[in-house]
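So the structure is just underneath, and the comments pick up after that.
Positions are given from 1, in the same order as the sequence printed here. Side chains are part of it too, since the values below use all heavy atoms of this structure and drop only hydrogens, waters and symmetry mates. Remember, predicted model here, so these are calculated numbers, not experimental data.
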Amino acid sequence: MTSHDVVVVGGGPAGLSAALVLARACRAVAVVDAGRPRNAASAHVHGVLGLPDLSPQVFAEAGRAQVLSYGVDVLEGTARTARPRPGGGFAVTLSDGRVLAGTHLLLATGAVDELPDIPGLAPRWGRDAVACPHCHGWELRGRAIAILGGGRADARRALMWRQWTPNLTLITAPDHPPAPSDLERLGARGVTVLDGPVTEVIAAADRLCGVRLRDGTSVPIRALVVAPCFRARADLLDGLGLRPTELTVGGRVVGTVIATDGAGRTAVPGVWAAGDGASPLERVVAVTADGAAVASAINAALTDGPHPEHSAGEP
(Lines give C-alpha, C1' and ligand atoms only; values in the text may rest on other atoms or scores of the structure.)
Protein backbone atom coordinates (compact mmCIF):
# COMPACT_ATOMS: atom_id res chain seq x y z
CA MET A 1 0.00 0.00 0.00
CA THR A 2 1.34 3.40 -1.05
CA SER A 3 0.44 6.34 1.19
CA HIS A 4 -0.21 9.93 0.09
CA ASP A 5 -1.63 13.09 1.57
CA VAL A 6 -4.31 13.11 -1.13
CA VAL A 7 -5.51 10.49 -3.59
CA VAL A 8 -7.27 12.05 -6.57
CA VAL A 9 -9.54 9.73 -8.53
CA GLY A 10 -9.91 11.17 -12.02
CA GLY A 11 -7.30 12.56 -14.40
CA GLY A 12 -9.43 15.14 -16.19
CA PRO A 13 -9.11 18.94 -15.95
CA ALA A 14 -10.45 19.12 -12.38
CA GLY A 15 -8.34 16.26 -11.03
CA LEU A 16 -5.10 17.37 -12.67
CA SER A 17 -5.66 20.99 -11.67
CA ALA A 18 -6.18 19.90 -8.06
CA ALA A 19 -3.08 17.72 -8.19
CA LEU A 20 -1.02 20.63 -9.51
CA VAL A 21 -2.09 22.96 -6.70
CA LEU A 22 -1.49 20.32 -4.03
CA ALA A 23 1.89 19.30 -5.42
CA ARG A 24 3.00 22.93 -5.46
CA ALA A 25 1.98 23.01 -1.80
CA CYS A 26 4.51 20.21 -1.18
CA ARG A 27 1.83 17.57 -0.65
CA ALA A 28 2.26 13.94 -1.67
CA VAL A 29 -0.38 13.33 -4.33
CA ALA A 30 -1.50 10.38 -6.45
CA VAL A 31 -3.86 10.63 -9.42
CA VAL A 32 -5.75 7.62 -10.74
CA ASP A 33 -6.68 8.10 -14.39
CA ALA A 34 -9.01 5.66 -16.14
CA GLY A 35 -8.65 7.54 -19.43
CA ARG A 36 -12.38 8.13 -19.96
CA PRO A 37 -12.70 11.89 -20.53
CA ARG A 38 -16.23 13.19 -20.87
CA ASN A 39 -15.24 15.40 -23.81
CA ALA A 40 -13.46 12.66 -25.78
CA ALA A 41 -15.93 12.99 -28.68
CA SER A 42 -15.11 16.67 -29.19
CA ALA A 43 -12.44 17.69 -31.67
CA HIS A 44 -11.08 20.51 -29.54
CA VAL A 45 -11.15 22.17 -26.12
CA HIS A 46 -12.25 25.75 -26.71
CA GLY A 47 -12.22 28.99 -24.77
CA VAL A 48 -9.19 28.45 -22.53
CA LEU A 49 -7.40 31.78 -22.31
CA GLY A 50 -3.83 31.70 -23.56
CA LEU A 51 -4.08 28.25 -25.14
CA PRO A 52 -4.82 27.25 -28.73
CA ASP A 53 -7.76 24.96 -29.43
CA LEU A 54 -6.18 21.63 -28.45
CA SER A 55 -7.76 18.23 -28.76
CA PRO A 56 -9.00 16.78 -25.44
CA GLN A 57 -6.24 14.17 -25.63
CA VAL A 58 -3.44 16.70 -26.16
CA PHE A 59 -4.93 18.97 -23.47
CA ALA A 60 -4.92 16.07 -20.98
CA GLU A 61 -1.39 15.01 -21.94
CA ALA A 62 -0.10 18.53 -21.34
CA GLY A 63 -1.73 18.62 -17.91
CA ARG A 64 -0.40 15.18 -17.03
CA ALA A 65 3.14 16.16 -18.01
CA GLN A 66 2.88 19.28 -15.88
CA VAL A 67 1.83 17.47 -12.70
CA LEU A 68 4.43 14.75 -13.28
CA SER A 69 7.10 17.45 -13.29
CA TYR A 70 6.09 18.25 -9.69
CA GLY A 71 6.41 14.65 -8.53
CA VAL A 72 2.75 13.63 -8.63
CA ASP A 73 2.22 9.88 -8.98
CA VAL A 74 -0.07 9.38 -12.00
CA LEU A 75 -1.40 5.85 -12.25
CA GLU A 76 -3.27 4.62 -15.30
CA GLY A 77 -6.10 2.37 -14.22
CA THR A 78 -9.59 2.19 -12.81
CA ALA A 79 -10.43 2.72 -9.14
CA ARG A 80 -12.76 -0.14 -8.19
CA THR A 81 -13.41 0.63 -4.53
CA ALA A 82 -12.77 3.40 -2.02
CA ARG A 83 -13.26 2.83 1.69
CA PRO A 84 -12.36 4.47 5.00
CA ARG A 85 -9.37 2.97 6.78
CA PRO A 86 -9.72 1.92 10.43
CA GLY A 87 -6.92 4.23 11.53
CA GLY A 88 -8.16 7.17 9.48
CA GLY A 89 -7.88 8.19 5.87
CA PHE A 90 -9.00 6.16 2.89
CA ALA A 91 -7.91 3.18 0.81
CA VAL A 92 -8.49 3.10 -2.94
CA THR A 93 -8.18 -0.26 -4.67
CA LEU A 94 -7.47 -0.35 -8.40
CA SER A 95 -8.70 -2.96 -10.85
CA ASP A 96 -5.21 -4.51 -11.01
CA GLY A 97 -5.07 -4.95 -7.23
CA ARG A 98 -2.88 -1.96 -6.37
CA VAL A 99 -3.97 -0.12 -3.23
CA LEU A 100 -3.43 3.56 -2.50
CA ALA A 101 -3.87 5.17 0.90
CA GLY A 102 -4.67 8.84 1.33
CA THR A 103 -5.37 11.10 4.26
CA HIS A 104 -7.91 12.85 2.03
CA LEU A 105 -9.74 11.57 -1.04
CA LEU A 106 -10.78 13.79 -3.96
CA LEU A 107 -13.42 12.43 -6.32
CA ALA A 108 -12.85 14.04 -9.71
CA THR A 109 -14.49 11.13 -11.48
CA GLY A 110 -16.52 13.24 -13.89
CA ALA A 111 -19.92 12.65 -15.42
CA VAL A 112 -21.51 10.70 -18.27
CA ASP A 113 -23.82 12.33 -20.82
CA GLU A 114 -26.89 10.13 -21.36
CA LEU A 115 -28.41 11.03 -24.73
CA PRO A 116 -32.03 10.62 -25.84
CA ASP A 117 -32.59 7.30 -27.56
CA ILE A 118 -32.86 8.67 -31.09
CA PRO A 119 -31.40 6.69 -34.01
CA GLY A 120 -28.41 8.44 -35.54
CA LEU A 121 -27.79 10.81 -32.62
CA ALA A 122 -24.92 9.13 -30.75
CA PRO A 123 -22.40 9.18 -33.65
CA ARG A 124 -22.90 12.95 -34.03
CA TRP A 125 -22.41 13.76 -30.33
CA GLY A 126 -19.65 16.26 -29.62
CA ARG A 127 -19.32 17.06 -33.32
CA ASP A 128 -22.46 18.61 -34.83
CA ALA A 129 -24.82 17.47 -32.05
CA VAL A 130 -23.86 19.48 -28.98
CA ALA A 131 -25.18 20.95 -25.74
CA CYS A 132 -23.25 24.08 -24.78
CA PRO A 133 -23.33 27.26 -26.90
CA HIS A 134 -20.24 28.68 -25.20
CA CYS A 135 -18.34 25.47 -25.98
CA HIS A 136 -19.39 24.98 -29.60
CA GLY A 137 -21.40 28.01 -30.71
CA TRP A 138 -18.52 29.80 -32.42
CA GLU A 139 -17.66 26.77 -34.55
CA LEU A 140 -21.34 26.30 -35.53
CA ARG A 141 -22.15 29.97 -36.06
CA GLY A 142 -24.31 30.81 -39.03
CA ARG A 143 -25.45 27.22 -39.63
CA ALA A 144 -29.01 26.00 -39.69
CA ILE A 145 -29.40 24.77 -36.10
CA ALA A 146 -32.28 23.00 -34.35
CA ILE A 147 -32.90 22.84 -30.62
CA LEU A 148 -34.21 19.47 -29.44
CA GLY A 149 -36.87 20.43 -26.90
CA GLY A 150 -37.72 18.60 -23.74
CA GLY A 151 -38.47 20.98 -20.89
CA ARG A 152 -39.49 24.38 -19.58
CA ALA A 153 -36.12 25.94 -20.38
CA ASP A 154 -36.39 25.25 -24.13
CA ALA A 155 -37.38 28.78 -25.09
CA ARG A 156 -34.53 30.26 -23.09
CA ARG A 157 -32.03 27.88 -24.71
CA ALA A 158 -33.33 28.80 -28.14
CA LEU A 159 -33.06 32.53 -27.44
CA MET A 160 -29.50 32.00 -26.23
CA TRP A 161 -28.50 30.09 -29.35
CA ARG A 162 -30.08 32.80 -31.51
CA GLN A 163 -26.92 34.83 -30.83
CA TRP A 164 -24.93 32.42 -33.03
CA THR A 165 -27.28 31.96 -35.99
CA PRO A 166 -30.31 33.58 -37.62
CA ASN A 167 -31.46 30.17 -38.91
CA LEU A 168 -32.78 28.53 -35.76
CA THR A 169 -35.60 26.04 -35.15
CA LEU A 170 -37.01 24.86 -31.85
CA ILE A 171 -38.51 21.37 -32.04
CA THR A 172 -40.79 21.04 -29.05
CA ALA A 173 -41.55 18.00 -26.94
CA PRO A 174 -45.24 16.93 -27.00
CA ASP A 175 -45.53 17.09 -23.21
CA HIS A 176 -43.76 20.47 -22.88
CA PRO A 177 -45.29 22.96 -25.33
CA PRO A 178 -43.96 26.52 -25.05
CA ALA A 179 -46.05 29.05 -23.17
CA PRO A 180 -47.81 31.69 -25.29
CA SER A 181 -45.45 34.35 -23.95
CA ASP A 182 -42.45 32.23 -24.98
CA LEU A 183 -43.87 31.73 -28.47
CA GLU A 184 -44.20 35.49 -28.78
CA ARG A 185 -40.58 36.07 -27.78
CA LEU A 186 -39.34 33.33 -30.12
CA GLY A 187 -41.33 34.72 -33.01
CA ALA A 188 -39.96 38.20 -32.39
CA ARG A 189 -36.42 36.81 -32.75
CA GLY A 190 -37.24 34.86 -35.90
CA VAL A 191 -37.06 31.40 -34.31
CA THR A 192 -39.17 28.75 -36.06
CA VAL A 193 -41.13 26.45 -33.73
CA LEU A 194 -42.10 22.92 -34.85
CA ASP A 195 -43.94 20.14 -33.06
CA GLY A 196 -41.81 17.11 -32.26
CA PRO A 197 -40.63 14.65 -31.33
CA VAL A 198 -37.57 13.89 -33.43
CA THR A 199 -37.49 10.23 -34.47
CA GLU A 200 -34.22 10.17 -36.44
CA VAL A 201 -31.04 12.15 -36.91
CA ILE A 202 -29.93 12.09 -40.54
CA ALA A 203 -26.32 12.28 -41.69
CA ALA A 204 -24.60 12.07 -45.06
CA ALA A 205 -20.89 12.10 -45.88
CA ASP A 206 -20.21 12.09 -42.12
CA ARG A 207 -22.10 15.36 -41.60
CA LEU A 208 -25.41 16.02 -39.92
CA CYS A 209 -27.88 17.13 -42.58
CA GLY A 210 -31.32 16.91 -40.99
CA VAL A 211 -33.77 15.38 -38.56
CA ARG A 212 -36.99 13.50 -39.14
CA LEU A 213 -40.11 14.25 -37.11
CA ARG A 214 -42.79 11.81 -35.98
CA ASP A 215 -45.13 12.88 -38.80
CA GLY A 216 -42.43 11.99 -41.36
CA THR A 217 -41.36 15.57 -42.05
CA SER A 218 -37.64 16.05 -42.71
CA VAL A 219 -36.09 19.27 -41.40
CA PRO A 220 -32.78 20.22 -43.08
CA ILE A 221 -30.25 21.40 -40.48
CA ARG A 222 -26.49 21.36 -40.02
CA ALA A 223 -26.33 21.14 -36.22
CA LEU A 224 -28.52 19.89 -33.40
CA VAL A 225 -28.60 21.13 -29.81
CA VAL A 226 -29.40 18.41 -27.27
CA ALA A 227 -29.83 18.53 -23.49
CA PRO A 228 -28.48 15.19 -22.24
CA CYS A 229 -29.02 13.74 -18.80
CA PHE A 230 -25.86 14.27 -16.74
CA ARG A 231 -24.93 11.35 -14.50
CA ALA A 232 -22.09 11.64 -12.00
CA ARG A 233 -19.80 8.64 -12.09
CA ALA A 234 -20.74 7.19 -8.74
CA ASP A 235 -19.02 3.78 -8.72
CA LEU A 236 -17.00 4.60 -5.60
CA LEU A 237 -19.75 6.20 -3.51
CA ASP A 238 -21.24 3.07 -1.91
CA GLY A 239 -18.02 2.15 -0.12
CA LEU A 240 -17.84 5.67 1.30
CA GLY A 241 -21.42 5.81 2.51
CA LEU A 242 -22.44 8.40 -0.10
CA ARG A 243 -25.22 8.52 -2.68
CA PRO A 244 -25.60 10.63 -5.81
CA THR A 245 -28.09 13.50 -5.54
CA GLU A 246 -30.59 14.53 -8.20
CA LEU A 247 -29.83 17.76 -10.05
CA THR A 248 -32.87 19.85 -10.95
CA VAL A 249 -32.96 22.75 -13.40
CA GLY A 250 -36.17 24.65 -14.10
CA GLY A 251 -38.24 22.08 -12.24
CA ARG A 252 -36.84 19.20 -14.33
CA VAL A 253 -34.42 16.52 -13.14
CA VAL A 254 -31.45 16.75 -15.51
CA GLY A 255 -29.11 14.29 -13.83
CA THR A 256 -27.21 13.45 -10.68
CA VAL A 257 -24.27 14.98 -8.83
CA ILE A 258 -22.00 14.25 -5.89
CA ALA A 259 -23.32 16.74 -3.37
CA THR A 260 -20.86 19.14 -1.74
CA ASP A 261 -21.04 22.18 0.48
CA GLY A 262 -19.89 24.48 -2.32
CA ALA A 263 -16.24 24.29 -1.22
CA GLY A 264 -15.88 20.66 -2.31
CA ARG A 265 -16.59 18.90 0.99
CA THR A 266 -18.96 15.94 0.83
CA ALA A 267 -20.98 14.57 3.73
CA VAL A 268 -18.05 12.29 4.67
CA PRO A 269 -15.15 14.13 6.35
CA GLY A 270 -12.01 13.83 4.28
CA VAL A 271 -13.87 13.03 1.05
CA TRP A 272 -14.09 15.85 -1.48
CA ALA A 273 -15.56 16.21 -4.96
CA ALA A 274 -14.70 18.54 -7.84
CA GLY A 275 -15.35 18.89 -11.53
CA ASP A 276 -18.15 17.47 -13.66
CA GLY A 277 -19.25 14.99 -11.02
CA ALA A 278 -20.14 17.87 -8.71
CA SER A 279 -20.95 20.55 -11.33
CA PRO A 280 -21.83 18.90 -14.67
CA LEU A 281 -23.10 22.08 -16.30
CA GLU A 282 -19.72 23.83 -16.29
CA ARG A 283 -17.16 24.20 -19.08
CA VAL A 284 -13.57 22.93 -19.05
CA VAL A 285 -12.15 26.23 -17.84
CA ALA A 286 -14.64 26.30 -14.96
CA VAL A 287 -14.03 22.74 -13.78
CA THR A 288 -10.29 23.38 -13.98
CA ALA A 289 -10.76 26.35 -11.67
CA ASP A 290 -13.00 24.24 -9.43
CA GLY A 291 -10.28 21.63 -9.04
CA ALA A 292 -7.79 24.33 -8.05
CA ALA A 293 -10.19 25.85 -5.51
CA VAL A 294 -11.04 22.51 -3.90
CA ALA A 295 -7.33 21.66 -3.73
CA SER A 296 -6.68 24.87 -1.80
CA ALA A 297 -9.40 23.88 0.67
CA ILE A 298 -7.88 20.40 1.03
CA ASN A 299 -4.46 21.88 1.69
CA ALA A 300 -5.96 24.07 4.41
CA ALA A 301 -7.67 21.01 5.91
CA LEU A 302 -4.39 19.10 5.96
CA THR A 303 -2.77 22.06 7.71
CA ASP A 304 -5.53 22.28 10.32
CA GLY A 305 -5.54 18.56 11.02
CA PRO A 306 -8.56 16.36 11.77
CA HIS A 307 -11.97 18.05 11.78
CA PRO A 308 -15.11 17.09 13.69
CA GLU A 309 -17.87 15.35 11.81
CA HIS A 310 -19.70 17.50 9.29
CA SER A 311 -22.20 17.06 6.50
CA ALA A 312 -22.43 18.67 3.08
CA GLY A 313 -23.70 22.20 3.54
CA GLU A 314 -22.31 22.31 7.08
CA PRO A 315 -18.50 22.64 6.80
Side-chain angles (χ1 to χ4, degrees), residues 1-82 89-111 233 235-236 264 270-278 282-303:
M1 181 179 293
T2 306
S3 296
H4 297 80
D5 294 316
V6 184
V7 174
V8 180
V9 182
L16 291 176
S17 177
L20 178 62
V21 170
L22 288 162
R24 286 177 55 83
C26 302
R27 300 298 185 182
V29 185
V31 175
V32 181
D33 185 7
R36 297 180 297 170
R38 181 184 180 191
N39 61 353
S42 297
H44 299 95
V45 175
H46 300 295
V48 181
L49 186 64
L51 287 181
D53 291 342
L54 305 174
S55 72
Q57 179 181 0
V58 172
F59 183 79
E61 288 172 352
R64 197 176 299 118
Q66 189 174 14
V67 300
L68 284 169
S69 72
Y70 283 94
V72 173
D73 292 331
V74 179
L75 296 84
E76 294 184 4
T78 301
R80 291 301 184 195
T81 63
F90 303 89
V92 177
T93 303
L94 309 192
S95 56
D96 62 4
R98 287 177 292 179
V99 180
L100 303 175
T103 304
H104 288 255
L105 174 62
L106 173 57
L107 301 175
T109 45
R233 288 194 174 105
D235 300 347
L236 302 180
V271 178
W272 308 69
D276 287 336
E282 299 291 355
R283 294 174 290 148
V284 166
V285 67
V287 297
T288 302
D290 184 44
V294 173
S296 296
I298 294 174
N299 185 54
L302 284 164
T303 302

Any side-chain heavy atom of [X] sitting closer than 4.5 Å to one from [Y]?
X	Y	result
Val29	Val8	yes
Phe59	Val284	yes
Leu100	Leu75	yes

If only atom types and distance count, is the side chain of [X] paired as donor or acceptor with the main-chain N or O of [Y] below 3.5 Å?
X	Y	value
Arg233	Thr109	yes
Asp5	Ala28	yes
Ser69	Gln66	yes

Considering only distance and modelled atom types, tabulate donor-acceptor pairs under 3.5 Å from the side chains of residues 42-55, sequence neighbours left out.
{"unit_1": "His46", "atom_1": "ND1", "unit_2": "Asp53", "atom_2": "OD2", "d": "3.2"}
{"unit_1": "Ser55", "atom_1": "OG", "unit_2": "Val58", "atom_2": "N", "d": "3.1"}

Nearest heavy atoms of Asp290 and Gly275, plus distance in Å: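 The answer is OD2-N, 2.8 Å.
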
Rounded to the nearest 0.5 Å, what's the gap from CG on Leu20 to CG on Leu68? Could you check?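 Rounded to the nearest 0.5 Å, the CG-CG separation comes out at 11.0 Å.
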
For a side-chain contact (heavy atoms from CB on, under 4.5 Å) with Thr103, tell me which candidate from Val6, Ile298, Leu302 qualifies.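 Of Val6, Ile298, Leu302, side-chain contact (heavy atoms from CB on, under 4.5 Å) with Thr103 is met by Leu302 alone.
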
More than 12 foreign heavy atoms under 6.0 Å from CD of Glu61: is that the case here?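 Yes - once you tally the heavy atoms of other residues, nucleotides and ligands closer than 6.0 Å, there are more than 12.
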
Hey, mind stepping through His4 and Thr2 against side-chain contact (heavy atoms from CB on, under 4.5 Å) and telling me if it holds? CA-CA 7 Å; His4 297 80; Thr2 306; 3.2 Å; yes

